[in-house]
Each structure stands twice: as structure tokens, then as C-alpha cells.
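One structure is given below, encoded as C-alpha cells.
Values below: all heavy atoms of this structure, side chains included; hydrogens, waters and symmetry mates excluded. Sequence lines set the chain letters: A, B, ... in the order given, protein chains first and strands last, and positions in each chain run from 1.
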Amino acid sequence: MTKFIIRRLLWTIPVLLLVVLFTFLMMRQIKGNPFRKTERAVPASIQRNLDRKFHLDQPWYVQYGEYVKGVFTADLGPSLVLRNQSVNDIVKSHFPVSLELGALAFLFAIVVGIPLGVLAALRANKPTDYVAMLVANIGFAVPSFLVATLLIYYCSVKWNIGLPTSGWSTWQSKILPSIALGFLPMAYFARLVRGTMLETLQQDYVRTARAKGLRWRRVVGLHVLRNSLIPVVTAAGPLLGGVITGSFIIESIFAIPGIGRYYVNSVTARDYSVTMGLTILYAVIVIFANLVVDILYGFLDPRTREARA
Amino acid sequence: MRTRSSIVLAALLVAVAALVAAGCGGGSSSSSSGSGGGSGKLAADQTITIAWGSEPPSLDPGLATDTTSANVLLNIMDPLVKLDPKTLKPLPSLAQSWDQKGNTVTFHLRKDGKWTNGQPVTANDFAYSWLRTISPQLGADYAYQFFGIKGAEAYNSCDPKKQDCNAMKSKVGISAPDKYTLKVQLTSAQPWFIQQVAHTSFLAVNRQAVERWGDKWTEPSHIVTDGPFKLAVWKHDAEIDLAKWSGWRNAKDVKLQRANGKIITDGTTAVQSFDAGEVQVNTTGIPPSDIPREKTQDTYQNYPALGTYYYGLNVKNVPLQERKALAFAIDRKSIIDHIAQADQVPATSFTPKGIPGFSDIKTDYLQPTADVSKAKSLLGKTPNANKNITLFVNDAPGHKEIAIAVQSQWKKLGINTTIKVMEWAQYLQFLGPPPNQAVDAYRNGWIGDFVDDINFLQLWTCKSGNNNSNYCDPKYDALVKKAENTTDNAARYKIYAQLENMLTGPNGAFPFVPVYWYTYVTQEATSVKDSFNVNLLDQFDLSKVRVTS
């Protein structure tokens, strides 16, 4: 297991270098000028000063080399647009917020989604199942920005039950965004758990366990649920990455100072260093989320552990 | 198992019911405004919360380029001159007076200006700050604001790797003969220079703070300011709170104790925060879909702006009479009423309404509505008319919708329009400079930096980097040059009228079609509505705001 983890960690280095190279080259391919934000043309002397200041006047391989050196010394460079901030500053002040939002949304998805799926499977084709799957289908079909807008409209404006429309400071302000962001993964988990549970319930070992006279609760808790969760864990890795990184819309609707919007806005603004810094950050997150998933497999299914050793 | 599962299920059912109800029940509107009616009496609590439309990219006056940064800066710093909110004439602020002899302008500073670190504000602070912004090392986007000053452009163009920039710095026409006198030598008379100095790039910075903290001097714990408010809190992308500074030279006249700010970029959220009473002023704006509903509220406010939304026409691809025909075929009023919706004003000239000297301009050749028969007859006189126009717009909300309306209006003349949509950064590079020959027509806008028509009319000179229409008339350029050296306002406004006439008059060249003049839309609680005002440059002065009960 240790060997496996070390090997996986070493692999992240070439992956990261490639990610940096591709992002670097692609950002240079899209046209646009980071220093021209409005319709006003930038006078030649000012453009030259800015290019010189941010080393954009040097050949691309020199810039790339400097950048890679920076990455390995944990310096992601200055932002070209937010002139008083470095990419490190941006990550430091905004990433924890996105992490918290993602974690809360994920928690909501698991705490609501898995029981919903279990219930639906145990009461398959009964009213309970239909209601649970209706919820799941709504969660699947309705986009998060609509869920968010409706939540704000009803909970904050119309009924005014003490939840603010926006911000990220008090615990009250964290409820609506977490639900809005966690709604789709919740629906996804519910459907996934229902499907795999139904399949597991048909397995021979379940029949054996029941025939042995084990209590039904124990059969479900120990045998059925544990075996049904493997696909959930598989899906959870990328989903967790997606929830943490894909919160751009929710962050801007709820005015949350997270990092998702920087990712999108930096591309539109051609803020090269921010785009590259955040791409590296996300690559690291996805790599680690997948690593954690692989380790969890080992606990849930010993067979995969042996195959790897 | 059974009982517990039914509790879980019940909880879930409630959640679903709420969402389903939400899905069906939309459409009704709420109308709770921020505060109670304004009786005119000063409220005990002089605190407001503002929704700001974006995170300020920089609070360094040398580096700020956007409206949010400008509005924060103008309230925490002390400019040399302020603009009268109504007439836009320069009013004394930190400069108690000024005079201009030929190309030399002298500002006489008040002696009671003070920084929050206790130092006095002197002419040296301004000389230091201006030279810092012009310097090639800072890389200021707005260094060009100073290019009217002698030697400034040369110093900004200096390459520190190859040249001795200090020698060029010493030749820039900015000096402080004594602590309270600031002398500026201009390249020409530039009668608008005094007004231009109201711009944020001409604010002073505190040398000690800048040198001590470097790039980080604008953080609330480091920043040193000299205006009516202090930067109390700045949580990036979340909150920006300004607190009254009792040490300001005129603090006794400032009623507002605190202006808290929430940074809300999404228009719908800003409207909802206002409706929920969380903010008293929404400067983020109102999305077009919400405007018809919000317009009926007495909290809705609409201010004229110094900006023109226009459709540029490539004069090399579209012949003169056809350009005129296209201008007459556009129904500005219906575009505003049905698409733009924010009470914009139909534009019949490039010069926006409200700018000094506007009344000298005859703007009755074009009309707010379309004149299709006139357009058709103009087009009939054009044998080589371009019947297939390629129109470029950028992908921000609303532009494509307007382009579709224009497409159908031009269709009435038998002209087929192909609309191409591009992302903003690519769009800017695509349009030029140099102007792109593949373009027949393009959407653009121009917002004034300072209150003089030269800011608009200069755009159509041959060498202007913002003239993407290939229009170049030496007579026009010569007249612009003449205006730059005409200090008498009345005489200069006459020249502006001539210039505008060369663009949109009966014999005008029409390198563009004016569509509308911008407006700024806000929501203001009745408790601050009387004292909160936005001027033509989208600026507001919090030192004048008073909360009534």
C-alpha cells in the first residue's frame, strides 16, 4: 500500500509539468491582451511598460522556464489584472472559502442523498420510492442557478426566515449556497445508491445472510450497504473535485468570495498567471481526490487491495 | 427502522415540497424596500450598506482604472478639484484656487490637508504621485492621462534597461516651488486640464506608505489616506467598509458615519439583497428582465451618463450615402423601449447629452425613431451599395439582441446583415488598431474619462487608437488641434459643434451610427434617496449623504 501511494505521488510531478505546459501554450494561443480591459486602446509606450514589468516581452520558453521555477518554489507570480495581489494571495484568501463551500455541499449530498437512495431501494416501486426518485429527478433536471435563485427568493426575500441573500460570514449565510451546490450531487447519489442497492439485494450472499437468520438491519447495514457504496466512492472522487472547483455560478449568485469565479474571470481577462496558478491547484486537487478514492477502495473491497500489492 | 425512515422521509418531503412550491409559485413580486419613508429628519444611526458591483482591482490611484475603485478612492482621498454634481464645473477641494497662464497651470493648495498618519498633504505629495504614475516602472494603464503634461509621454516611453530614465524624469513639467504650490507645464493650452484633474489618477498617494509596504500598501492595515472616509475593512471580493475619518479638514460637515459595502457582482442577487433590506443602495445595477418591475418602485433611480453606445461603420466597405441610410433606418427608441430598457436616451450625435457645450450642437438631423423612406431614398442614390453587411458584436448580455433588432431594421432597406459574436478580449484585438478590413459594422461604446467633449471627438481623428472605422479627414484633425488650443469655452464649444456636424450633420461622414446614450441605474432606499447622487461620470460623494428617518 505504501509503495502504491509513493508511486502515485511521484507520478503527479510529470503530470503537473504537462498541465503547466499545456495551459501555458493554450493561454498564449487565445487572442486578447491582459492589459486592455475596456474599449480604450492601450498606447504603445504603456503596453511596452506593462509587457516589460510582467516579462511578457521575453521568448515563451524563457517565460515558461521562469514560471516552472516559480511553481517549484511555491511562487505562482503576480496577477496581471489585480495589480496589488499575487496569485498566492488570491489562493490563500479565496481557496479556503471554496473548500468549505464544497465540503458543506458534499456533506449535504451524502447525508441526504445516500439515505434517500437506501430508502428508495428498500421500498422499491412503492410510494416512498416514487417520491424519493421524484426528488432525485428534479435535482438532476433543475440547474443549480435556478435552485439558487429560487432558494434566495423564497427563503430570504419572500418568507424571510433569517437566511441572508448573499455573503459568506455567519453560519446562516452558508446554508442556502451549500444546499444549492449540493443539490445535484445529492440527486446523483440517491439514484446511484438505489440502483446498486437493488442489484446487491439480489446477490446470493444476501440471501445466505438472511437464511442464516441474521437481523435484517444487520444484513442491510453490513452486507448490502457496504457493497453498494463502491460505485458511490468511484463517483465521489471526481464529483468532490467538481464541487470544489465548479462552484463559479453559485459563488457569483451568492456573492461568495470563493476561488471558482477567479478561474472563469481570469480566462476572460487573460490574466495568464492566475489561470495557470489555479489550473495547477485544481490538477493537484483532482489527483489527490482520486488517490483518496483508490485508498478507500482498498478498505471497501479487499480484492482491489491485493491486486495492487 | 420503519419509524426512523419515515422521519427522514418526512424531512425530505418538506424539502421537496418547498422546491416544488417555488417552481410553481414564481411570478408574484415583493416590494419591501430598504427603509421607511423619508420625513427629512436625520436618523440616529448614520450607517448605510452599499452593494458594489465588483471587487476593486486596485485601490492605488496610479493603477485604478474602473468605476468601483474610482468611487472608493474619491471618498477616501482628497482630490485637488471636485466637479459640481450638476454643472460639472471644477470646484475647489484640496486646491483652494488655481490659475492658468498660457500652457502653465498653478494650483494653490489648502494648508489644512492631512494624511491619516498625521503628515500634512503638500504639493510634493502630488509631484511625487504624478511622476510615480508616469514612470515606466509602475506600468500604469492610465499614465496616458498625464500625456498632456510636458515631457510625460517621453518619460513613460523610456526603457530603463537602455536609457537613463532619471534624466527624462527631471524634464517632466511638474514641480512644487513651495510646500503648497503645484506647477504644471502642459504641451498645449488644454483648457479642460483643470476638470481632468478631478480624475482618480491625479489623486496623491502617501510616499511613506508606498515606500514602506510596496505592492501591499493598499491593504486596510497599511493604507494612508487623506479624505473624508477611511478604509476600515477590505475583505477581497466580499466586503469593503468605509468609516468617517474625524481628522479630515472638513469632517464637521460629514454626516454619514459609516458606509459598509458588500461586493455583489450578480445583478439579480443585488436586487434581491436590496428587496430584503440588506443593502440600502444597489449600485451593481438591475438586470434588464427586472427593470420593468423595479421601475414602478420609488426606490428606482436613473442617472444620465457620459457615454455613447454606437455602431461603427467601416468607411472603406460601406459608401457614404449608405452609411447615412443605415443611420436613418435604426429605430433607437424601440431598441431602448424593448431591449435595453434602462431608460437610455436615443442618441442623435456622438457627443452625449449633458456635456458642457451640448446646446451649441444641432442634433436634429437624426431622429430618435427611424425614417425608413428617407433611408430608402438615400440608398437609392448609392449604386455601389454594400447589400451584405457583416456586423460584429461582443458576447456580453444584450448586444446580440440589439444586433438582431438592427438586422431586421436594415432588412427593410433590402440589406442582409450577418451577425458575428465574439468574446470581449478577442473582439477588442480583432477590431484594432489597425482597423480590421473584414468588418463592415461593429458595436462599441465610449464612456468619457473627464467632462469635456474633446474626450469624445478626439476618437475620430486619423491617429486615434480607438477609431476602428478607417475614417480619416485632415480637416477634422486640424479642427481638433484648433480646439486643443482654444481656451475660451464658448469659442471652443462652437468648434465642437462644427466637429460633431462633420460626423453626424446633414453633410456628415457617418463613420458610425449613434444608438443611445448610456444611463446608470441604481436602487436607493427612501432614507438616503435625497442625498445620494450619481454624477455623469458614475461617481458618488458619500460626504454629502445623510440618512433620514
Exercise for the section: Pick one of side chain, backbone, both or neither for B/Gln272, based on which atoms fall under 4.5 Å of a heavy atom in chain A. Expected result: both
Fill in the blank from the handout: So, the part of B/Lys235 with a heavy atom under 4.5 Å from chain A: the answer is neither
Exercise for the section: Assess whether side-chain hydrogen bond (donor to acceptor under 3.5 Å, both in side chains) is satisfied between A/Ser45 and B/Tyr144, documenting all intermediate values. Expected result: CA-CA 9 Å; A/Ser45 65; B/Tyr144 71 81; over 6 Å; no
Practice task
Counting only heavy atoms closer than 4.5 Å, note whether B/Phe147 contacts chain A via side chain, backbone, both or neither.
Solution key: side chain
Fill in the blank from the handout: If one checks every heavy atom of B/Leu459 against chain A at 4.5 Å, the contacting part turns out to be neither
Handout entry: Non-hydrogen side-chain atoms of A/Val135 and A/Met186 separated by less than 4.5 Å
Key = yes
Practice task
Would you mind checking which part of A/Pro43 comes under 4.5 Å of any heavy atom in chain B, side chain (CB onward), backbone (N, CA, C, O), both or neither?
Solution key: side chain
Problem - Atom group of B/Thr65 that falls short of 4.5 Å from chain A, counting heavy atoms - result: side chain
Exercise for the section: Determine, using ring centers only, whether B/Tyr309 and B/His399 are less than 6.0 Å apart. Expected result: yes
Problem - Segment of B/Asp449 engaging chain A (4.5 angstrom heavy-atom cut-off) - result: both
Problem - Interchain contact, B/Ile447 with chain A, by part (heavy-atom threshold 4.5 Å) - result: both
Handout entry: A/Arg48/B/Asp159 salt bridge by N-O under 4.0 Å criterion
Key = no
Handout entry: Region of A/Asp57 that comes under 4.5 Å of a non-hydrogen atom in chain B
Key = side chain
Handout entry: Structural part of B/Asn394 lying under 4.5 Å from a heavy atom of chain A
Key = neither
Problem - Side chain, backbone, both or neither of B/Thr218 within contact of chain A (heavy atoms, under 4.5 Å) - result: side chain
Handout entry: Expected output: side-chain B/Asp266 to main-chain A/Ser252 donor-acceptor under 3.5 Å
Key = no
Completion exercise
In this structure, CD of A/Gln47 is separated from CG of A/Leu56 (nearest 0.5 Å) by 8.5 Å
Practice task
Give, as side chain, backbone, both or neither, the part of B/Leu63 having an atom under 4.5 angstrom from any heavy atom of chain A.
Solution key: side chain
Practice task
Given side chain to side chain contact (heavy atoms under 4.5 Å, CB included), test A/Met197 with A/Leu225 step by step and report yes or no.
Solution key: CA-CA 7 Å; A/Met197 275 266 304; A/Leu225 201 56; 3.9 Å; yes
Problem - Residue part contacting chain A, namely of B/Glu278, when any heavy atom lies under 4.5 Å - result: side chain
Exercise for the section: Let me know if A/Arg40 has heavy atoms under 4.5 Å from chain B in its side chain, its backbone, both or neither. Expected result: both
Problem - Under-4.0 Å salt bridge between B/Arg293 and B/Asp290 - result: yes
Handout entry: Interchain contact, B/Asp141 with chain A, by part (heavy-atom threshold 4.5 Å)
Key = both
Practice task
Pick one of side chain, backbone, both or neither for A/Ser79, based on which atoms fall under 4.5 Å of a heavy atom in chain B.
Solution key: neither
Exercise for the section: Would you mind checking which part of B/Glu239 comes under 4.5 Å of any heavy atom in chain A, side chain (CB onward), backbone (N, CA, C, O), both or neither? Expected result: neither
Handout entry: Reported CZ-to-CG distance for the pair B/Phe392 and B/Asn444, which is rounded to 0.5 angstrom
Key = 13.5 Å
Problem - Nearest-0.5 Å distance, OG1 of residue B/Thr265 to CD of residue A/Glu251 - result: 10.0 Å
Problem - Residue A/Arg270 versus chain B: region with a heavy atom under 4.5 Å - result: side chain
Practice task
Under 4.5 Å heavy-atom distance to chain A, tell me which part of B/Ala64 shows up: side chain, backbone, both or neither.
Solution key: neither
